[in-house]
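For reference, the structure discussed in these notes is given below.
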Amino acid sequence: MVSSSPNQLIWFRRNLRIANNPALEAAFDRSAASGIDMAKPLGVFCYDRQYTGTWLGMPRCGPLRAKFLWESVQNLRKKLQYIGSELVIQADEPEVLLPKLCQDLNITHVHTQRLFAHEETESAERVRRALEAIGVKLVQHECYTLLSTKHVREHHPEPFSSFSKFRRKVASPEDGVVVRELWHLKEHGVWHELLWHQAKKGARENGVRHHVLKVSPIPVNAYTDERAVLPFKGGETAGLQRLKVYAEQAVGHYKETRNGLIGADYSSKLSPWLNLGCISPAQVLQAVRKYEAENGANSSTEWLIVELLWRDFFQFLAAERGSHLFQGAAKPLGKVPELHDNDPNFIKVPELRDNDPDFIKVPELRDNDPNFWGGCAGKTDNEFLNANMCELAKTGYMSNRGRQNVASALIHDMAVDWRLGALWFEAQLLDYDPASNYGNWQYIAGLAANPRGGSSFNLKKQAQMYDPDGAYQKLWQA
Ligand SMILES: Cc1cc2nc3c(=O)[nH]c(=O)nc-3n(C[C@H](O)[C@H](O)[C@H](O)COP(=O)(O)OP(=O)(O)OC[C@H]3O[C@@H](n4cnc5c(N)ncnc54)[C@H](O)[C@@H]3O)c2cc1C
């Protein structure tokens with residue numbers, strides 16, 4: 001049967017790439033199995049409340065990340081068009097948009113990426129239910145982490161208590177790091193030639209093109225400060241370029257430079273691309289292994305892989321903790337008052353479901369709250385903290401050393417509720433990821449899987465150690 005409309009749909013989440021993408025592969029494979037004349041699967045990306053929403057009156061996705069995201073979505077769309085598909089881009093909740101599209105286009109299967117943090121798993125569950133009601137199957141594929149859930153849970157069935165135990169159990173030298181095979185988009189060359197025109201026509205006829213937003217639904221009016229560590233540009237193309245450059249030129253000295261503060265290559269800077277899925281952790285591993293095959297392995301190459309395991313650790317921890325990822329007042333040093341549900345000084349953050357008692361609550365902020373707003377604005381008496389906050393606000397990036405220090409200072413020295421700091425980072429960071437962000441804040445606050453019960457740094461000493469001549473503080477004076 002000749003069909004000009006696709007019967008498979010790919011709901012892109014944080015897997016904005018063509019290569020090494022099992023959701024896309026599965027959709028293409030299934031579509032091919034339905035008959036040679038079936039049009040290519042259609043992609044969909046939803047600007048949902050995680051992007052369009054606000055916290056405390058601030059956009060959840062600030063302009064710098066919004067720009068990076070828009071570039072990534074546009075790059076994906078071009079690539080999909082190149083292989084005969086199209087990307088629907090809408091500002092809508094997926095549980096509303098996807099059933100509508102499925103009904104319009106007679107879609108039978110929606111393929112997507114499995115994500116791990118509470119809000120994301122809830123969103124997938126809402127979509128699953130909405131699709132099930134109209135007889136469409138949601139298929140979730142894992143491709144956000146290096147290790148599969150199955151592997152991790154087989155080796156570490158008990159609750160996570162520390163990273164070192166996680167690492168020992170899931171990636172001991174005996175076991176080896178078990179990485180799923182790298183998927184590649186199979187050759188659909190014949191299809192491509194024959195149906196490229198037809199698929200586009202079909203998509204147009206089905207009104208799909210009306211669903212493609214031409215401008216970002218959230219403000220992207222951001223420019224990159226020339227002092228930025230990198231001119232970050234969103235998309236698979238730019239992500240793969242960065243991976244190639246870093247893996248060929250700098251990974252060999254990662255361990256010695258990773259605590260740096262200035263310049264492109266002290267660390268990989270891959271996180272923005274990894275977290276929107278413009279590249280996958282398996283691709284990073286593959287690039288590191290290639291470097292090792294050509295130049296020999298060393299402690300730096302090993303350490304970069306360890307960092308990817310940290311990333312996995314926070315994902316699996318988030319899956320385990322559910323809504324608890326957003327909970328708990330930090331009080332490791334006894335400076336932060338305990339929060340109570342019925343405390344009139346606390347409000348629920350808007351945009352969250354009122355009926356979820358476990359979800360995040362933050363203290364009401366006074367306009368003149370000097371600690372939180374002053375800290376975020378980089379207007380404190382600590383120049384090291386100020387410089388880091390200034391870099392973050394102007395570029396959307398802050399080094400890991402900076403993040404550790406800033407979080408420690410806000411939580412342990414300034415008695416700011418860690419969730420406020422995490423919300424600020426969510427709005428600002430190019431590489432924002434719920435599990436990594438909230439997980440790291442909780443870790444420093446001593447609320448999750450930190451065997452030391454929290455991490456507290458002396459910022460003066462840290463500045464002397466990592467910025468001995470004050471070059472970083474000078475660079476980011478304002
Ligand atoms: C308070 C706080 C908040 C953070 N929020 C985020 C966040 O929202 N998103 C995010 O990706 N990382 C976050 N991190 C972790 C870390 O700071 C960044 O991943 C890292 O700075 C990104 O730069 P890079 O790509 O050059 O890292 P590299 O040093 O080159 O490391 C390679 C990769 O390993 C992963 N990685 C390294 N360290 C960590 C870590 N501690 N936790 C999780 N993954 C790690 C990242 O994917 C990173 O790209 C946070 C850390 C802290 C202390």
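Only a predicted model underlies this, so the values are computations on that prediction, with no experimental measurement involved. Read the numbers this way: they start at 1 and go in the same order the structure lists the ligands and their atoms.
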(message) Between Glu292 and Thr301, is there a side-chain donor-acceptor contact under 3.5 Å, judged purely by atom types and distance?
(response) yes

(request) Say whether Asn259 and Tyr266, considering side chains only, have a donor N or O and an acceptor N or O under 3.5 Å apart. (result) no

(request) Anything with a heavy atom under 4.0 Å from ligand 1 counts, so go ahead and list those protein residues by chain and number. (result) Tyr254, Ser267, Ser268, Lys269, Leu270, Ser271, Leu274, Asn275, Leu304, Glu307, Leu308, Arg311, Phe314, Tyr397, Asn400, Arg403, Gln404, Ala407, Phe425, Leu429, Asp431, Tyr432, Asp433, Ser436, Asn437, Asn440, Trp441, Ile444

(message) Could you check whether Asp265 and Thr257, counting side-chain N and O atoms only, form a donor-acceptor pair closer than 3.5 Å?
(response) no

(message) Just checking Phe116 against Phe316, ring centres under 6.0 Å apart?
(response) yes

(message) Under a plain distance cut-off of 3.5 Å, with no hydrogens placed, do Thr149 and Glu142 share a side-chain donor-acceptor pair?
(response) yes

(message) Testing Arg403, Arg311, Lys269 one by one against Asp431 for a salt bridge (Lys or Arg N to Asp or Glu O under 4.0 Å), which residue passes?
(response) Arg403

